[in-house]
Structures are given as C-alpha cells and as structure tokens.
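Computed from a prediction, not measured in an experiment: that's the story for all the values here. Within every chain, numbering begins at 1; the chains are lettered A, B, ... in the order of the sequence lines, protein sequences first and strands thereafter.
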Amino acid sequence: MNKYRTHTCGELTIKDKSKDIFLSGWINKKRDHGNLLFLDLRDNYGITQCLIENSHPKFKEFEKLPLETVIKLNGKVLERSKDTINKELKTGEIEIAIVSYEVLGNTKELPLPIFSDQDYSEEIRLKYRFLDLRRKKIHQNIILRSKVISFIRSEMQKLGFLEFQTPILTSSSPEGARDFLVPSRLNPGKFYALPQAPQQFKQLIMVSGFDKYFQIAPCFRDEDARADRSPGEFYQLDLEMSFVEQKDVFEVVEKLMINVFNKFSNKKLLYKNFPQIPYSESMLKYGTDKPDLRNPLVINDFTEIFKRDDVSFDIFKKLVKKGSIVRGIVTKNTKDHPRSFFDGIDKWAKEQGASGLAYFTIEDNSGIKGKGPVGKFFSENSIKETMKISKAEVGDSIFLACGTIKDVEKILSEARDKIGRDLKVINYDSFAFCWIIDYPMFEEDEKSKKIVFSHNPFSMPQGNIKDINFSEPLKIKAYQYDIVCNGIELSSGAIRNHVPELMYKLFLVAGYDKKTVDKNFSGMINALSYGAPPHGGIAPGIDRIIMLLAEEKNIREVTMFPMNQNAQDLMMNAPSEINEEQLKELNLSIKKNK
RNA sequence: GGGGGUGUAGCUCAGUUGGUUAGAGCACGUGCCUGUCACGCACGGGGCCGAGGGUUCGAGUCCCUUCACUCCCGCCA
C-alpha cells in the first residue's frame, strides 16, 4: 500500500461507501461551522469534501490549519444525504468523515489566492508560478498541453514518422531572427547559437535517408515578446518528408490537424479540405496573408470605377490618377442599419490612422442609386458595375478605402474584422483552417529597393527549373506555404530546394555570390551535393495550437514556466550575473555601462 | 528603439474639483455558529498610495523624472 493514499481526491464515489481510506492533498477551502467543519481536499485529480466534528479530540487544532496546507488524512467514506449532494463534483455524492490526519507540508501566508477566479498581476503569478499553476484553469491548460503533445506524437508515429533529437548547441546563421549565443570554453572567442528552428538539421536528416522525421522541437529566438509570442523559446511540431510534393505535406498536416482539433475541442471545423488560397488572392480578398475565414466578408478592388467619367467622387479620383487604388468591403443587407453603425466604422477607421472609410448603400428607388454621404457621386451605371465586381445587391452597403496598396490592405484587413464583429457574422464556435500558397520567392526591400528573399532562401521555386526566368525575379513563385487557423498563422513550410546549382542562381539574384553562399551555408550546400532527395516539410507552432484549443489569448496561459516581457524568469532569477571565475574560463569580460 | 495602459493593505479593487484620521471584498487573527459547498455573524491587526523631485497653506489626486508589469509598433528567414 502507498504510504500517503489509497485513493486520489477525484475518484471516490458511492461505490466506495463505508470504505476506510487515506487521502493526501492540499486544503483547498474550509467551511467552519464552529462545531462542524467542511474541508475541500484537492489534488491533481479532483476535490473531495471531508468533514470533522467538534467531538473529535483534534477538532480545535484542525480548525487552525491554513488553506494550502498539505495533509494526509484517514477517514471513512460516507454517503451524502440527497439534499446535500454536490453535482458540480465527481465525488459529490460522498464525503469523508475524518478519523485522523497528519500535516505533510506547512504553508506561509499565501501571496495570492488559489481558490479564486480573480485575475491577478502577472508579476506575482510568475514569481510564484508553482502556486499559480495550482489554480484550476491554468492547471487544466497545462494538462491539455501534455495530452495534445502525446496525441500528436502518437499520430505522427502512426503516419510513419520517426522522432529524432537535433542539437541544441549549434552554429549561428546569418539569416533570420537574432540568435541566442553561448560562449565556448574550449574555443575561446567562439560562440554556439541556440537553434531558431532545426531547419538545416531536418533537411540533413532527409539527405541521410530517414524519409520522414518529426520532433516536438524547442526553438530559440532572441526577439521581443508579444501576447502570442514568448520571449526566448517556443515549441514547434517540426516535420520533414522525402520524395514529396506540396500536396503530400498538406495531406499529412490536414489529417493531423483535423484529428487533434476534433479530439480536443467541441468546436466545428468549417473545412475538412482546407482551402488553398494563393498569396496574391489572399492579399486582395482579405488584405492579409493570415485571413480569418470564419469571417465571410471579402474585399474587392474598385479602382476602375474611379476612372469613369460618370463618377464624380473627386477626392478618390484625384488619388487614383496619382496611382492610388480603391478597394472596399460589401456588407449584405445593411440598408436599415442606423447611421451610427456607418459613422462608427468611419470613426473607428480614422482612429486607426486611416483617412476614414467612404460608404454608401445601394437602393432601388425607381432606378439604382447610392444612398449615404458619397452615394450621390455615383451614376446608376457605375453602381451597376460596382455590383457586378463585388456581387453586391440592392440593400447592401459598400465601405471604400483609397490609398497605396499597402495602406489599403492594412486598413481593410482590420475593417474586415471590425465590421465582422459589429455585424456579428463571425462564427466564433468554429475553426477555419486554410493554406496560403504560391508565395513570391523574392520581394523588393522597401528601403533599399534591393531584391531580397521574401521567406526562406531554401525554398524551391515553382516551374520547370530550366525555364525559370531569373531576369524577372519578382515574378518567381515558390513552393512556400503557410497554414492559418482563425486568422492565426500556425506555421510556414516549403518544398525545399535540393539542387545546389539552382540555389547558387537564386542566391545570386539576392546579391550573394557563390563564395558567400559556400561560406555561410557550407554544411547545407555540401550535403545537397551528394545525392539529396526532393523533400519538404512544415513546423506548426505547438503553443498556438494549444492556445486555440484552450481559447486563450496569451501564450503564458498555456506555458508552464514562461518568462516575462523582458525575458526574465522571476521565479528562477534568470538571467543572472555570473562570477569572475566563470567569465575568465570563457575568456569573456563584461563592458561596464556607466 | 518607439507609443499606449496600469501601479493604493498579502490579493483584487474604490478613492469626486487638491482639503480632516485613505476605504471595501477576499485572505490573516480572535470569538460565536452542526449541513456547508463563494457557508454565515461580530470584532481586530494590517498602508513609504511604485520611487525621487517639484507646485501648493495643503498632494493618493496636479507637473517633471524614474522604475516595474502589461498591450501594441519596430523585430520575429
């Protein structure tokens, strides 16, 4: 028999009636009636109500135990009378009559309440994370995380993937995010870098012939935090496959996501086959490459309308003449919405730093007309053309934005969310996955006007290798894709370029000569030169998947021991100073700031 | 690096136009209470109002500086 317990706090039921049992756990709550005291004893598995009466010789002593004291108790399982059953608890039909008890762990006064739904400050939560983690919501989130990861692991194994570890101490790479660096004692003046992702290793695993690899991989990037982005480290389901095309990767990931989300959430999956949206189409229809497809609103381009002579909306017309574009969002059957709805959105747009949104409603009043502040500037024919472009109907309204492509995309993307929320057309009880495909291989850097890789330099360009026109690099598309769910980017992936000659050509376009490529990516290029299989993969973010499943907006709610926004661990006091000896051994000295 | 929000009891928060001794709930302590499950009732302890400077007869409140936490922009192949 276990020394501390015969049962957990979540398992006793009416079937155990009259049993002599031992429980161990934390005092979650006391309800002291003076001559009768109820105690909720809590462990990982649940809560069991125990009681002690003043006839017990240790009653007075027991009364004084503070909340969160860890105790072991011996008692008898009693059936509760019908009117005292607690339906909220699994163990609510029974209670324990305490016979004897023993304190296993005393507690000081608590810096934060455990039994409470109150929110409290992040600083206290992180400093006393071990107490915070006792609280129900986050405790359940962390258990969910564990279960999801175990499930993913077993699903991947079923799909024929092999799990491998890759090095944590590796080399710094010139591309990408800022690296975390680790000084090398044996190699003075040299540094390891923590991997931003096992990108090169997973490709090397393919070159090594292992065919299908996965790993729940820690990734380290020294970038500033966001609500959905931990500073320092996060986890990816890293996977890579040999002898595959894009569609083969999609098939695996769709299967996995559907199984995971169906198993761990009751929300509906809007698509069993995830829509594949070309990048350019996504930017046009949604203004972003991470569209929330729960929102049915779409953006249309109306620039041509403003080149017509029968449209007299001069502010937009002048801008269009100078190269601006006009795009807009159609809202269905909003003719009876109050003026405040329309003005509210216009006002909101101005608050976002845009010049506002022009709008009119289409009505049929002995002829198609535009109603609203700018409606009068449009002829019947021009409105009919507008309706043709956007499939708008009488009774619908159109919100219009004018400006540079970037500005219009940005404001309309946000307006799509805002209007969708206001009109309550977003189905929050669902998951809408999609693929964004056909990313451009290169883009023009805004400042320097130089050609740069738009995503991953190791991605395979589309089309027949011999026919690729390197003189028009901005037209080259890549087998590069993102998976998006509910407007959240879960991951990027790609079919990789496994042909060294092609890689040199692409790098040349971005301004790297052969020598530089050889120097910076020697391991990769070298490996690809000895018979590399075509391969590709992806790496969905584990933390964000858990956030979606747990319906949490902040990544700290699904991370056991997160750091704060300044990348400090308040509980462990990391980072910390190190002593002279350590510095000396590493051949380092600290520059003192005044 | 930049912008916004917050900072008052152990915790969560009120605190008016600048005006006497800074309040509430929970927690903690003492006492009462035998069916609660957010138990109830009474009493009590507990405050450098984030820190520093200024304006004022007088500052939790106004001004300046600074620190901490947080959200966002930049950044995140």
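When rounded to the nearest whole Å, the span between CD of A/Glu123 and P of B/rU12 equals 10 Å. Atom-to-atom, CG of A/Leu89 to P of B/rA38 comes out at 9 Å; the value is rounded to the nearest Å. Taking atom CG of A/Asp32 as the reference point, atom P of B/rC33 lies 11 Å away to the nearest angstrom. Regarding A/Asn564, its CG atom lies at a distance of 10 Å from the P atom of B/rA68, rounded to whole Å.
A salt bridge links A/Glu63 and A/Lys60; the closest N-O separation between the charged side-chain nitrogens and carboxylate oxygens is under 4.0 Å. Using a 4.0 Å cut-off between charged nitrogen and carboxylate oxygen, A/Glu552 and A/Lys137 count as a salt-bridge pair. With salt bridges taken as basic N to acidic carboxylate O contacts below 4.0 Å, none links A/Glu93 and A/Arg80. A/Arg125 has a carboxylate O that lies under 4.0 Å from a charged side-chain N of A/Asp132, or vice versa, which qualifies the two as a salt bridge.
Here A/Thr84 lies in heavy-atom contact (under 4.0 Å) with a base. A/Arg125 comes within 4.0 angstrom of no nucleic acid atom, judged by non-hydrogen atoms across all strands. Residue A/Ile47 is classed as having no contact, given no heavy-atom separation below 4.0 Å to the nucleic acid. When heavy atoms are screened at a 4.0 angstrom cut-off, A/Glu95 is found touching base atoms of the nucleic acid. As judged by a 4.0 angstrom heavy-atom cut-off over every strand, A/Asn566 is placed among residues touching the sugar-phosphate backbone only. Using a 4.0 Å heavy-atom distance criterion, A/Gln196 is classed as making no nucleic acid contact. Heavy atoms of A/Asp228 sit nowhere under 4.0 angstrom from any nucleic acid atom. When heavy atoms are screened at a 4.0 angstrom cut-off, A/Glu122 is found touching the sugar-phosphate backbone but no base atom.
Between A/Arg226 and B/rU70 there is no side-chain N or O to OP1 or OP2 distance below 4.0 Å. Dashed line: the shortest gap from a side-chain N or O of A/Arg229 to OP1 or OP2 of B/rC73 is not under 4.0 Å. Under 4.0 angstrom from either OP1 or OP2 of B/rC71 there lies at least one side-chain N or O belonging to A/Gln565.
The environment of A/Lys30 atom NZ is dense: over 12 non-hydrogen atoms of other residues, nucleotides or ligands sit within 6.0 angstrom.
Both the sub-6.0 Å distance and the 45° axial angle are not jointly satisfied by A/Lys202 relative to the ring of A/Tyr213.
Using Watson-Crick or G-U wobble geometry with both donor-acceptor distances under 3.5 Å, B/rG7 finds its partner in B/rC67. Nucleotide B/rU16 forms a pair with no other nucleotide shown, judged by Watson-Crick or G-U wobble geometry with both contacts under 3.5 Å. Searching all strands for a Watson-Crick or G-U wobble partner of B/rG44 with both distances below 3.5 Å returns B/rC28. With a cut-off of 3.5 Å on both pairing distances, B/rU36 has no Watson-Crick or G-U wobble partner at all.
Aromatic stacking of A/His33 on B/rC39: satisfied, with centres closer than 5.5 Å and planes within an angle under 30 degrees.
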Pairs under 3.5 Å (N/O, protein and nucleotides 23-30 of chain B):
| residue | atom | partner | partner atom | Å |
| --- | --- | --- | --- | --- |
| B/rA27 | OP1 | A/Lys29 | NZ | 3.3 |

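In the set B/rC76, B/rG35, B/rC71, B/rC76 carries the atom at the smallest distance from any side-chain atom of A/Glu223.
In this view, A/Ser459 and A/Met441, A/Asn456, A/Ala478, A/Gln480, A/Ala494 satisfy the side-chain contact (heavy atoms from CB on, under 4.5 Å) rule, not counting sequence neighbours.
One cannot find a donor-acceptor pair under 3.5 Å joining the base of B/rC75 and the side-chain atoms of A/Arg221. Side-chain to base pairing of A/Asp83 with B/rG35: no donor and acceptor N or O lie closer than 3.5 Å to each other.
Between A/Leu104 and A/Ile71 the shortest side-chain heavy-atom distance does not fall below 4.5 Å.
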